[in-house]
Amino acid sequence: MEIAMHQVPRFRRGFRFQWEPAQDSYVLLYPEGMVKLNGSAGAILNQVDGQRTVADIVASLEQQFPDAGPLGKDVSDFLQDARQQHWIELS
């Protein structure tokens with residue numbers, strides 16, 4: 001199922017997103033382990049607060065990274081992957 005711009009992503013129960021100085025990157029912690037995130041994944045997940053819609057996240061990232069061009073498809077594709085990995089859920 002494709003992600004709609006009006007949906008609101010939130011981390012699933014048991015997952016915690018944070019900056020990890022020892023890794024020099026954002027990570028996603030969960031009971032079974034940890035996922036080290038690349039820069040773009042960290043930037044996207046840093047916007048996930050359970051309040052912002054996908055459209056809000058895209059707009060914020062396009063403002064932060066104006067040289068990147070339109071980011072809607074990239075953000076949606078990543079959030080779809082994150083949902084398939086069971087990191088996030090959407091409402």
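Predicted model only: the values in this text are computed from it and were never measured.
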Taking every non-hydrogen atom, the tightest pair across [X] and [Y]:
{"X": "V27", "Y": "K36", "answer": "CG1-CA, 4.1 Å"}
{"X": "G14", "Y": "P31", "answer": "O-CD, 3.3 Å"}
{"X": "A4", "Y": "Q7", "answer": "N-OE1, 2.8 Å"}
{"X": "Y26", "Y": "G42", "answer": "CD1-CA, 3.9 Å"}
{"X": "L79", "Y": "I3", "answer": "C-CD1, 3.4 Å"}
{"X": "R52", "Y": "P9", "answer": "O-CD, 3.4 Å"}

Between atom [atom1] of [X] and atom [atom2] of [Y], what is the distance when rounded to the nearest 0.5 Å?
{"X": "Q18", "Y": "L45", "atom1": "CD", "atom2": "CG", "answer": "13.0 Å"}
{"X": "L37", "Y": "Q23", "atom1": "CG", "atom2": "CD", "answer": "10.5 Å"}
{"X": "I88", "Y": "Q80", "atom1": "CD1", "atom2": "CD", "answer": "8.5 Å"}
{"X": "R13", "Y": "R10", "atom1": "CZ", "atom2": "CZ", "answer": "13.5 Å"}
{"X": "I44", "Y": "S76", "atom1": "CD1", "atom2": "OG", "answer": "9.0 Å"}

Cluster question for you: counting only ILVMFWY and a side-chain heavy-atom cut-off of under 4.5 Å, with indirect links fine, are L28 and W19 together?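 Yes, one cluster joins them.
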
Do F15 and F17 share a hydrophobic cluster, counting only Ile, Leu, Val, Met, Phe, Trp and Tyr and linking them when any side-chain heavy atoms are less than 4.5 Å apart? yes

Does the plane of the ring in F78 sit parallel, tilted or perpendicular to the ring in W87? Use 30° and 60° as the thresholds.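 Taking W87 first and then F78, their aromatic rings sit tilted (interplane angle of 30° to 60°).
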
Is a side-chain N or O of D56 found less than 3.5 angstrom from the main chain of T53, in a donor-acceptor match?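 Flag set: sc D56 to bb T53 pair under 3.5 Å.
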
Quick one: does any side-chain atom of R83 pair with a main-chain N or O of L90 as donor and acceptor, under 3.5 Å? no

Might you confirm whether atom CD of Q84 has over 12 heavy atoms from other residues, nucleotides or ligands at distances under 6.0 Å? yes

Pairwise side-chain contact, S91 with V8, heavy-atom cut-off 4.5 Å (strictly under): yes

Measure the shortest side-chain to side-chain distance between S25 and E20 over non-hydrogen atoms and say whether it is less than 4.5 angstrom.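 Answer no - side chains too far apart.
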
List the residues meeting side chain to side chain contact (heavy atoms under 4.5 Å, CB included) with D74, not counting sequence neighbours, and say none if there are none. L71

